Chemist: 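Mind having a look at this structure? Questions to follow.
Everything numeric here is computed off the predicted structure, so don't read it as measured data.
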Amino acid sequence: MWESICLTLAATAGNNIGKVLQKKGTVILPPLSFKLKVIRAYAFNKTWIVGFLMDIIGALLMLKALSQAPVSVIQPVSGSGLAILSIFSHFYLKEIMNPIDWMGIAMAGIGTIGVGTGGEEQKASSISIFHLPWLAFSVAILFVLLNGWLRIYRRQRKVQEMMQSEVVEEIIYGLESGILFGMASVISKMGFVFLEQGFSKILVPICISISICCSATGFIYQTRGLKDGRAIVVSTCAAVASILTGVLAGMLALGEQLPSAPDARLSLLFGWLLIIIGVILLVSSTWLVRHLPRPLRHYVQSGVERNFGFKHSGSRSGTRVRDSSPSAVIQASTLHHLITSPAKAKA
């Protein structure tokens, strides 16, 4: 189990950091196209190439982890990728983190240990091929309900002549994208379970292809939510929904069970809770700091400013230190992660 958890952490680190490096490399590159000149520019950009390779290796490691461990363990642990990205952004991108960020990192790390300890006693999955249509039907019904809610709300908003996006739309888009990201991992795992049970090997690439489609569709929904809505609401809902979807779908569709030992069960549940809280803190840390009581807010901000001044004076390269938290990353899918700019992610 611990080997699979280490693979998951390495995979999500590769995905998240890889996409940050790709984004950093594209700053001086033209928009990607099939023109030979553009392709050569990307191919000779070291930062972009390193990020691309890390992203691909991370995706392969995630598939390896899913082939060895229950998705109800792998999916929550992948949520700790935001903590890894935050540490990377702090030391490599010189982004300043506040105490709430560090608290979120600590909780995600402790939660990962709890999941690893409790997940060791989980039994192997055993499913039927007929579970896939039922799973698809359940997700479709859920999306019909969410989209129906969205249409009703938009109609009411139009009648009231409200032009700006409201929190209901942000929540719905976040939930829909998170569900799709979580389903991507579940469907990938389903392919490996079918292979273990003696089904045709062709089911593995089929399930992985469906997983990629789920990730791409989730990306579209999340982009819609981020276009007019607040990134903090969309990102938080997507992160929590992806973890819960992976856990619930893994148990209901893949036959995964909680550990039989009370201590292991408690450790696993407590680990899930800590990871979810840690992810929420990392996504919303700047917003939370702004809403702290004035004395406490002043203390936190003064500490950040001292850290800012120390890093600024100690930097010999003249690197511009950002006064923001690391980019928000939705790391809930097997093969696709969304990265927003630091300013937008903490809006």
Chemist: Between Val115 and Ile275, does the side chain to side chain contact (heavy atoms under 4.5 Å, CB included) criterion hold? Intermediate values first, please.
Modeler: CA-CA 9 Å; Val115 170; Ile275 290 175; 3.9 Å; yes
Chemist: Return the CD1 to CD1 distance between Ile110 and Ile277, rounded to the nearest 0.5 Å.
Modeler: 11.0 Å
Chemist: Should Ile57 and Trp48 be regarded as members of a common hydrophobic cluster, given that ILVMFWY residues are connected when their side-chain heavy atoms come within less than 4.5 Å of each other, either directly or indirectly?
Modeler: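 Result: no, two separate clusters.
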Chemist: Got a second to check how far Cys207's SG is from Phe192's CZ, nearest 0.5 Å?
Modeler: 9.0 Å
Chemist: Using the rule that Ile, Leu, Val, Met, Phe, Trp and Tyr join whenever any side-chain heavy atoms are under 4.5 Å apart, tell me whether Val144 and Tyr173 fall into a single cluster.
Modeler: no
Chemist: From Cys214 SG over to Ile187 CD1, what is the distance, rounded to the nearest 0.5 angstrom?
Modeler: 4.0 Å
Chemist: Given Leu21, which partner from the list Ile49, Thr47, Leu53, Asp55 fulfils the side chain to side chain contact (heavy atoms under 4.5 Å, CB included) test?
Modeler: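 The passing option is Thr47.
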Chemist: Using side chain to side chain donor-acceptor pair (under 3.5 Å) as the criterion, list what pairs up with Thr8, not counting sequence neighbours.
Modeler: none
Chemist: Do Gln68 and Leu7 make a side-chain contact, defined as non-hydrogen atoms from C-beta onward lying under 4.5 Å apart?
Modeler: yes
Chemist: Any side-chain heavy atom of Val73 within less than 4.5 Å of one from Ser4?
Modeler: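 The answer is no; the side chains never approach within 4.5 Å.
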Chemist: Looking at every heavy atom in both Thr12 and Met62, which two are closest together, and how far apart are they?
Modeler: N-CE, 4.4 Å
Chemist: Does Phe143 have any ring-ring contact (aromatic ring centres under 6.0 Å, His included) partners at least two apart in sequence or in another chain, and if so, which?
Modeler: Tyr221
Chemist: Please check if the number of heavy atoms outside Phe52 that lie under 6.0 Å from its CZ is greater than 12.
Modeler: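 For Phe52, atom CZ is not crowded (no more than 12 foreign heavy atoms under 6.0 Å).
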Chemist: If we ignore hydrogens and angles and just use 3.5 Å, is the side chain of Trp272 paired with the main-chain N or O of Ser72 as donor and acceptor?
Modeler: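 Yes; at least one donor-acceptor contact below 3.5 Å.
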Chemist: Please report the shortest heavy-atom distance between Ala184 and Ser211, naming the atom on each side.
Modeler: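 Closest approach of Ala184 to Ser211: O-OG, 2.8 Å.
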Chemist: Same cluster for Val279 and Ile113 if Ile/Leu/Val/Met/Phe/Trp/Tyr side chains link at under 4.5 Å?
Modeler: yes
Chemist: Between Leu195 and Phe199, does a side chain to side chain contact (heavy atoms under 4.5 Å, CB included) hold up when you go through it step by step?
Modeler: CA-CA 5 Å; Leu195 184 63; Phe199 288 93; over 6 Å; no
Chemist: What pair of heavy atoms forms the shortest contact from Pro30 to Tyr42, and how long is it?
Modeler: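 Shortest heavy-atom separation between Pro30 and Tyr42 comes out as O-OH, 2.7 Å.
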Chemist: How close do Gly246 and Gln75 get, counting heavy atoms only, and between which atoms?
Modeler: CA-CG, 3.8 Å
Chemist: Between Gly114 and Ser267, which heavy-atom pair has the shortest distance, and what is it?
Modeler: O-OG, 2.8 Å
Chemist: Taking Lys189 for the side chain and Val71 for the main chain, is one N or O donor matched with an acceptor at less than 3.5 Å?
Modeler: no
Chemist: Following the transitive rule for hydrophobic clusters with a side-chain heavy-atom cut-off under 4.5 Å over Ile, Leu, Val, Met, Phe, Trp and Tyr, establish whether Leu269 and Leu248 coincide in one cluster.
Modeler: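 Looking at the clustering, Leu248 is in a separate group from Leu269.
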Chemist: Between atom OG of Ser188 and atom CD1 of Ile74, what is the distance when rounded to the nearest 0.5 Å?
Modeler: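 Result: 12.0 Å between the selected atoms.
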Chemist: Taking atom CG of Leu61 and atom CG of Leu66, what is their separation to the nearest 0.5 Å?
Modeler: 11.0 Å
Chemist: Can you sort out the partners of Thr112 under side chain to side chain donor-acceptor pair (under 3.5 Å), two or more places apart, ordered by chain and number?
Modeler: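 Thr112 satisfies side chain to side chain donor-acceptor pair (under 3.5 Å) with Ser80 only.
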Chemist: Please walk me through it: do Trp149 and Ile172 pass side chain to side chain contact (heavy atoms under 4.5 Å, CB included)?
Modeler: CA-CA 8 Å; Trp149 182 21; Ile172 291 175; 3.7 Å; yes
Chemist: Looking at CD of Gln197 and CG of Leu203, how far apart are the two atoms once the value is rounded to the nearest 0.5 Å?
Modeler: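 Going from the CD atom of Gln197 to the CG atom of Leu203 covers 10.5 Å.
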Chemist: Do you reckon Phe91 sits in the same ILVMFWY cluster as Val50, going by side-chain contacts under 4.5 Å, direct or chained?
Modeler: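 Shared cluster, yes.
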Chemist: Of all heavy-atom pairs between Ser177 and Gly174, which one has the smallest distance, and what is that distance?
Modeler: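 Smallest interatomic distance, heavy atoms only, reads OG-O, 2.9 Å.
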Chemist: Using modelled atom types and a 3.5 Å cut-off, is there a donor and acceptor pairing between side-chain atoms of Ser67 and backbone atoms of Lys64?
Modeler: yes
Chemist: Determine, step by step, whether Ile105 and Ile87 satisfy the side chain to side chain contact (heavy atoms under 4.5 Å, CB included) criterion, reporting the C-alpha distance in whole Å, the side-chain angles of both residues, the deciding distance to 0.1 Å, and the verdict.
Modeler: CA-CA 8 Å; Ile105 291 173; Ile87 296 174; 3.8 Å; yes
Chemist: For Leu244, run the side chain to side chain contact (heavy atoms under 4.5 Å, CB included) check against Ile179, Leu175, Ile276 and tell me which one passes.
Modeler: Ile276
